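As structure tokens, the structure follows; a few thoughts come after it.
Counting starts at 1 for both ligands and their atoms, in listed order. Remember, it's a predicted structure, so these values are computed and weren't measured experimentally.
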Amino acid sequence: MEVKTNGNLSFWYADMGGVPNYREPLPGDQHVDVCIVGAGFTGLWTAYYLKKVDPALRVVIVEKEFAGFGASGRNGGFLQGGISWSREKYLSGSSRAGVIEMDRIMHQSVEEIIRVAEAERIDADIARVDNLMVAATPAQWSRLKKKFRYSVDWQTPNKRFELLGPTETKARIRVKNALGAIASSGSARVQPAKLVRGLASVVERLGVAIYEQTDVKRIEPGRVTTSRGTVRAEAIVRATEGFTAGISGFERLWLPLNSALIITEPLSDSTWDEIGWSGHELLGDNSHAYCYAQRTREGRIAMGGRGVPYRFGSRIDQRGHTQDETIGKLHDILLRVLPQAQGAQIDHAWCGVLGVPRDWCATVGLDRKTGIGWAGGYVGRGVATSNLAGQTLCDLILRRDSPLVHLPWVNRAVKQWEPEPLRWLGVHSMYQMYQLADRIEARGGTGTSWLASAANRLTGRA
Ligand SMILES: Cc1cc2nc3c(=O)[nH]c(=O)nc-3n(C[C@H](O)[C@H](O)[C@H](O)COP(=O)(O)OP(=O)(O)OC[C@H]3O[C@@H](n4cnc5c(N)ncnc54)[C@H](O)[C@@H]3O)c2cc1C
């Protein structure tokens with residue numbers, strides 16, 4: 001499969017005229033109130049709310065590369081709130097009402113991000129759109145109907161949450177073989193690199209120093225050791241999500257799971273007439289290997305999915321460069337879902353990592369004894385959820401007894417991943433089983449393949 005550009009962070013940076021220049025590194029040792037490690041959405045939102053609440057606070061961010069280098073500048077641009085992980089797992093430290101309340105507050109992050117973007121004049125191609133999760137096999141359709149009942153049972157707060165039949169689904173987007181869909185309101189489409197870069201500028205204007213090209217080697221109580229000097233701070237925030245395994249002492253905390261995207265050239269008006277998609281919905285399918293797509297500002301399709309899911313020893317990609325095999329697989333998925341895009345040039349392919357905890361459930365917290373806080377493990381909902389994490393970390397650091405600090409995901413302990421080679425074997429087996437389950441389900445039959453259920457149990461996802 002021919003692509004014009006592979007890697008170089010992401011198409012979103014090409015769309016902005018290229019990868020940005022670096023800010024200055026940490027000039028030497030410093031003593032501040034709060035030191036944040038990592039300038040993605042988590043770190044930047046935390047800094048934003050801290051400075052809004054207490055403008056006198058001395059806050060610095062130390063970043064290995066540049067603000068937005070990680071998943072925040074490379075993702076699929078789904079601004080979608082709410083719990084996408086097992087609600088039941090949060091019940092161990094909370095009540096059913098507590099989990100429902102957390103879901104409601106997580107949904108609100110979407111509107112909060114739009115509010116800040118408007119107030120701070122961040123132009124990130126944000127458009128409020130529906131989310132459409134489509135089923136294309138009988139097994140996917142029966143799973144989707146179950147998912148619908150499950151979400152209703154858990155009092156999903158979306159204003160509109162509907163099950164669509166095949167005709168209604170195709171009236172929105174002519175996905176091949178669509179049997180039905182869940183359509184939900186309350187989401188938005190974004191150009192993520194514009195959002196993260198815009199947010200970094202806002203945070204800087206509020207008086208936060210962002211030191212780039214500053215590699216954090218060690219995080220200890222009261223001290224962050226970097227390649228450029230030491231920062232002493234009363235509070236420290238680890239905001240490195242998918243890169244966390246690269247910091248000493250955190251090697252097995254969150255697994256760096258790879259996700260990859262391809263993007264087409266802008267499609268012609270006649271192709272768009274064939275596809276429909278005039279509502280610019282966020283599009284996802286209900287296969288086990290899962291794909292997601294957005295229609296961009298300029299009428300391109302950005303389609304993402306899992307490539308090589310995980311590299312041995314928690315290694316990560318080189319600036320988004322993606323294997324040819326992954327690009328080919330994503331192109332096959334694109335044509336399986338939207339064959340109308342046949343013949344469209346693929347302009348860019350890239351990938352990145354997100355941090356996955358052993359139980360696949362996001363957490364945020366602050367250890368009072370050490371003064372070290374963290375947030376992440378958002379597993380595909382990080383664009384919205386990192387905002388709530390930033391608000392929560394702000395309240396935890398400033399000791400504000402807000403409702404946010406009592407939500408079930410706060411200070412939740414999770415166990416570590418297994419040492420290699422078990423980690424690699426577990427994740428690769430899981431995705432192979434998912435792919436096989438999808439192939440079996442594509443032959444017909446309404447039941448979910450036992451292989452998918454076994455894969456979920458194997459890696460702690462269920
Ligand atoms: C391809 C892809 C598609 C995705 N699609 C979506 C989507 O559509 N919607 C959604 O909600 N979520 C999506 N996600 C997940 C989402 O993007 C992330 O969960 C979210 O951006 C995480 O933000 P973060 O700030 O915690 O981490 P990151 O954005 O990864 O930021 C971490 C930062 O820490 C820095 N860092 C790492 N190590 C060090 C160190 N030693 N010293 C200093 N700095 C360091 C990195 O350079 C980086 O800038 C996707 C992820 C990927 C990879």
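A 4.5 Å side-chain heavy-atom check between W350 and N6 finds every atom pair outside the cut-off. At least one side-chain heavy atom of N131 sits under 4.5 Å from a side-chain heavy atom of F78. V175 places none of its side-chain heavy atoms less than 4.5 Å from the side chain of I275.
In summary, the atoms of ligand 1 found under 4.0 Å from a heavy atom of L261, numbered by their order in the structure, are 1 (C). For ligand 1, the atoms closer than 4.0 angstrom to any heavy atom of V353 are 53 (C). Taking every heavy atom of L354 and a limit of under 4.0 angstrom, the matching atoms of ligand 1 come to 51 (C), 52 (C), 53 (C). Listed by atom number, the atoms of ligand 1 under 4.0 Å from R381 heavy atoms are 10 (C), 11 (O), 12 (N). Of all the atoms in ligand 1, the ones that sit under 4.0 Å from a non-hydrogen atom of V383 are 9 (N), 10 (C), 11 (O), 12 (N). Residue G76 has at least one heavy-atom neighbour below 4.0 Å for each of these atoms of ligand 1: 3 (C), 4 (C), 5 (N), 6 (C), 7 (C), 8 (O). Of all atoms in ligand 1, listed by their number and element, those nearer than 4.0 Å to a heavy atom of Y292 are 1 (C), 2 (C), 3 (C). Of all atoms in ligand 1, numbered sequentially from 1 with element shown, those under 4.0 Å from a heavy atom of G38 are 33 (C), 34 (O), 35 (C).
Only the backbone of T214 comes within contact range of ligand 1, with a heavy atom under 4.0 Å; no side-chain atom does. Neither the backbone nor the side chain of S386 comes within contact range of ligand 1; no heavy atom lies under 4.0 Å. When non-hydrogen atoms are compared, ligand 1 lies under 4.0 Å from the backbone of V62 (N, CA, C, O) but not from its side chain.
For L257, the heavy-atom gap to ligand 1 stays at 4.0 angstrom or more. Contact annotation: G380 has at least one heavy atom less than 4.0 Å from an atom of ligand 1. Heavy-atom distances between W350 and ligand 1 stay at or above 4.0 Å for every pair. Residue G376 places every heavy atom at 4.0 Å or more from ligand 1.
Taking distance alone, with nitrogen or oxygen atoms compared against 3.5 Å, T42 approaches ligand 1 more closely than that limit. Note: an N/O pair closer than 3.5 Å links K64 and ligand 1 by distance alone. Here's the thing with D215: one of its N/O atoms is less than 3.5 angstrom from an N/O atom of ligand 1. Note: no N/O pair closer than 3.5 Å links G68 and ligand 1 by distance alone. At least one N/O-N/O distance between E241 and ligand 1 falls below 3.5 Å. Not a single N or O atom of I247, backbone or side chain, sits closer than 3.5 Å to an N or O atom of ligand 1. Below 3.5 Å of separation, one finds an N or O of G382 facing an N or O of ligand 1. Note: no N/O pair closer than 3.5 Å links G352 and ligand 1 by distance alone.
Counting non-hydrogen atoms of other residues, nucleotides and ligands closer than 6.0 Å to CD of Q345 gives a total above 12. With a 6.0 Å radius and a threshold of 12 heavy atoms from other residues, nucleotides or ligands, E325 has its CD atom at or below the threshold.
A salt bridge does not link R189 with E281: every distance from a Lys NZ or Arg NE/NH1/NH2 to an Asp or Glu carboxylate oxygen is 4.0 Å or more.
Counting only heavy atoms of the protein, atom 6 (C) of ligand 1 lies nearest to N75 CB, 3.4 Å. The protein non-hydrogen atom at the shortest distance from atom 23 (O) of ligand 1 is S72 OG, 3.1 Å. Ranking protein heavy atoms by distance to atom 36 (N) of ligand 1, first place goes to T240 CG2, 3.8 Å. What sits closest to atom 30 (O) of ligand 1 on the protein, heavy atoms only, is A71 N, 3.1 Å.
Nearest to atom 46 (C) of ligand 1 by heavy atom, out of R74, K217, E63, R189, is E63. Closest heavy-atom approach to atom 42 (N) of ligand 1 among the candidates V37, T322, V216: V216. One option in A239, C351, G320, S187 has a heavy atom closer to atom 32 (C) of ligand 1 than any other, and that option is A239. When F66, F78, Y211 are checked for heavy-atom proximity to atom 9 (N) of ligand 1, F78 turns out nearest.
With hydrogens and angles disregarded, no donor-acceptor distance shorter than 3.5 Å links the side chain of N158 to the backbone of F161. In this structure, the side chain of Q323 does not engage the main chain of I327 through any donor-acceptor pair within 3.5 Å.
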Can you check side-chain contact (heavy atoms from CB on, under 4.5 Å) on V134 and V337, steps first, answer last?
-> CA-CA 10 Å; V134 177; V337 177; over 6 Å; no
side-chain contact (heavy atoms from CB on, under 4.5 Å) evaluation trace for Y310 with N258 = CA-CA 6 Å; Y310 167 72; N258 191 303; over 6 Å; no
Evaluate side chain to side chain donor-acceptor pair (under 3.5 Å) for R423 paired with S314, printing each intermediate quantity in order.
-> CA-CA 9 Å; R423 202 155 73 230; S314 297; 3.2 Å; yes
Take D359 and K89 through the salt bridge (Lys or Arg N to Asp or Glu O under 4.0 Å) test and state the conclusion after the steps.
-> CA-CA 8 Å; D359 68 353; K89 285 189 181 155; 5.6 Å; no
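Applying the salt bridge (charged side-chain N to carboxylate O under 4.0 Å, His left out) test to pairs two or more places apart or on separate chains, those with a residue in residues 34-54 are K52-E120. Sequence neighbours left out, the pairs with a member in residues 226-239 that pass side chain to side chain donor-acceptor pair (under 3.5 Å) are H31-E234.
Ring planes of W409 and Y378: tilted class, angle from 30 to 60°. Between F66 and F69, the ring planes are perpendicular. Angles over 60° get that label, and only those under 30° would be called parallel.
For the pairing with W45, the side chain to side chain contact (heavy atoms under 4.5 Å, CB included) check across I113, L388, L50, V203 returns one residue only, I113.
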